[in-house]
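Comments concern the structure below.
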Amino acid sequence: MPELPRDSVGLVTPQTAHFDDPLLLVCGKTLPSYDLVYETYGTLNAERSNAVLICHALSGHHHAAGYHSETDRKPGWWNTHIGPGKSIDTNRFFVVSLNNLGGCHGSTGPSSTNPETGRLWGPDFPMVTVSDWVNSQVRLADHLGIERFAAIVGGSLGGMQVLQWTLSYPERLANAVVIAATPKLSAQNIAFNEVARQAIRSDRDFHDGWYAEHDTLPRHGLKLARMVGHITYLSEDAMGTKFGRELRFDDLNFGFDVDFEVESYLRYQGDAFSTSFDANTYLLMTKALDYFDPAAAHQGDLAKAVAPAQCPFLVVSFSTDWRFPPSRSKELVNALIRSGKSVSYANIDSPHGHDAFLMPEPRYQDVFSGFMNRIAKQLGLKPAQAQEAAHAF
Amino acid sequence: MRSDLSVIHDWVPQGSRVLDLGCGDGTLLHALAQDKGVSGYGLEIDPDGITSCIAKGVNVIEQNLDDGLANFDDNSCDLVIMTQALQALRRPDLMLDEMLRVARECIITFPNFAYWRHRVHLGLRGYMPVSKTLPHAWYDTPNIHLSTFNDFEALCRDKELAIIDRAVGIKDHEGRLMSRLWPNLFGEIAIFRVSRRNAASGQ
C-alpha cells in the first residue's frame, strides 16, 4: 500500500447535504430542492469558531485536499495550501470545500434529474450567479452549524465568491482572502469565455445541451474550450519554459498533426477535461463569471459597492497573471481603501501566470500562512493534538 | 524602536488615521495601533517587509512610492508618515505635495547628509560617507536624493509649508544638547513635522 504524504489531510470522503428549502435565484427561477457535495478537513472546535470555507474556481470542486483512495494519483486541487502545517493549517482550522450548484461533481446541476420532469436538467438548469452560490453556501454553513467563518478563501472565480460573501453576509465571516481574482471581468475576459462557449455550442454532438439524451458528449467543443482556457491560465514564460519549441518527434511532419510539445500538451489537457467535465456546467460557470460585477448596482462605483464589508481582507495577485492581472486586484484594493476597509495586498512574483494561485511559491506561502496564522492567534486556536495523531500514517 | 520612530510615536495623536509610506516591517504602525488606537495603511515594496506586516496584522499595500498616491483621496488621512524613504524617491518634492494632498500634516525622517561624521568622511577622507544610516556604497545605493536639515527647510520655505516641529535622531553616545543646538551638524537623522501653510494658520 503506498504511503500518503504526511503533510496531507490523508484520505477524505465527500459528503452530501440535501436541502428542501426552495432557493430563489437571481435569474428569477427557483430551485425547489438541491444537493451540495462537500468535503471537510480538520476538526470543528467546540466554539465552532475555526471554520474556513474554500470557494472553488471555474473547473474546481469539493475535492480541495487529500486523497480519495490510497491509489489516487493526484490529491485535491488545492492540496498545496491545505493540510497540517500548510497555509491553511488543518491542525488549527476546520476546512469546508464544496461543489457549487450547477456543478458536475455531485452537487445539483445540469446532469442531475429535474424533479418536476423526471428528465435530466440539461440546458434547462437555471442560470446560477456568484450571489446564488453564496446564498447556497450560507445554507450549507447553517447545515454544519457554522454561524461565522474564521475566514473565507478563494482563488479566481472563488475569489469573487469571497468578495460576494463580504457584501451579502458581512457578519458571517471574520476574514476574507481573495486570490488572483477581479471585481469584474474585462471585455477580453468575456471574449475568451465566449470563444469557449461557442466551441461547445457549435459541436454537432451538443444537441442544444441535450447531449446526454442523445447518448453522446460534445467532447470536441469542450476540448477546444479547455485548450483556449488553458492558454490564458499560463504565462508566456511558463509555456516557454515548459515547452519552448520542443518537437514531439524528430522531424516536422508538414501536416496538421502534432509537431510541437505544446500542441500535444494542450490536446492531452483538452481530451482529459472533455470527458471529466460537463459541457452545460462549463457554459453556466463561464456565464456566472461574466455576470459578476458588484459595482454595477452602484453606477460602477466599486468603493460604494464594498461598503457593507466589515472584515479584514487579504488580496493577492501574481505578476505574470494576464487572465486577471495585478491591476485588476488593485482595483479591488483601491476600492477597499477608498471605503476605509482593512486590507492588505501583495503581488507575488511568479512565472506561472493565473495558475500560480494553485502552486507552491515561498513568498505566496509566507504571505498566505502569515495571514492565516494571525487569524488563528486572534481566535486563540490551538493545534489539535488528536488531529495530528490521526494523520500520523 | 529606532530613535526616529520613537520620536514619531510620541508625536502621533490618539486615534489618528495614518498612512505610513515605506512602512518596512510594520513596527511603527503596529505600535501606534496598540498604544494609540491608530488605524490606516502602510505602503511597502520589500517582500519581507510586506510579509512581516501581514503576520503582525498591519494593513500593508504593495505599492511603489514612485508611482504616487493616486489611490488615496484628498484629505483621506489625518497624517502621512514617511521614515527613511524620502532620499530613495525619484522626486521627493513631488511626493511631499502628494503627502500633503492626502493629509494636512506629515512627518518625514531622512538621514542628514550634513551630519558631522559624514562631513568628516567626505571632507577629510574624500570618500562618499558610509554609515549606519547610509550603509550603501555610492554605486548601489537606493539613496539617490541625499539632503540635509538646511536643504529640507529650504524646500519647505519654497513650497510655503509650515514646519510644526523638528527633531533629531542621534546616536546614544552623542549629546542631545549639541544636536538640538546644531541639528545640521550633530543630527544623524532629520525628523520633520510639516503641514500646509493654511492648516497651520487655522484657515
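Since this is a predicted model, take the numbers as computed values, not measurements.
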Seminar exercise, completed: Heaviest contributor of heavy-atom pairs below 4.5 Å to chain A, chosen from T51(B), I54(B), D48(B), I50(B), is I54(B)
For this session: Enter the distance from I337(A):CD1 to F72(B):CZ here, rounded to the nearest 0.5 Å.
Result: 4.0 Å
For this session: Taking all non-hydrogen atoms of both residues into account, name the closest pair between A55(B) and R374(A) and its distance.
Result: O-CD, 3.5 Å
Exercise. Any chance CD of Q310(A) has more than 12 other-residue heavy atoms, nucleotides or ligands included, within less than 6.0 Å?
Worked result: yes
Exercise. When rounded to the nearest 0.5 angstrom, what is the spacing between CD in E62(B) and OG in S344(A)?
Worked result: 11.0 Å
Exercise. Would a distance-only check, ignoring hydrogens and angles, find a side-chain to backbone donor-acceptor pair under 3.5 Å from N71(B) to N334(A)?
Worked result: no
For this session: Count the heavy atoms belonging to other residues, nucleotides or ligands that lie under 6.0 Å from NZ of K36(B), then report whether that count exceeds 12.
Result: yes
Problem set entry | Side chain / backbone / both / neither for K377(A) at chain B, heavy atoms under 4.5 Å | neither
Exercise. Taking everything shown except D349(A) itself, do over 12 heavy atoms lie less than 6.0 Å from its CG?
Worked result: no
Exercise. When heavy-atom pairs shorter than 4.5 Å are enumerated against chain B, which of V315(A), L314(A), V333(A), N347(A) gives the highest number?
Worked result: N347(A)
Exercise. Above 12 or not: heavy atoms from other molecules or residues under 6.0 Å from CZ of R90(B)?
Worked result: no
Exercise. Under 4.5 Å between any side-chain heavy atoms of Y345(A) and V60(B), yes or no?
Worked result: no
Exercise. Between N373(A) and chain B, which part of the residue has a heavy atom less than 4.5 Å away: side chain, backbone, both or neither?
Worked result: neither
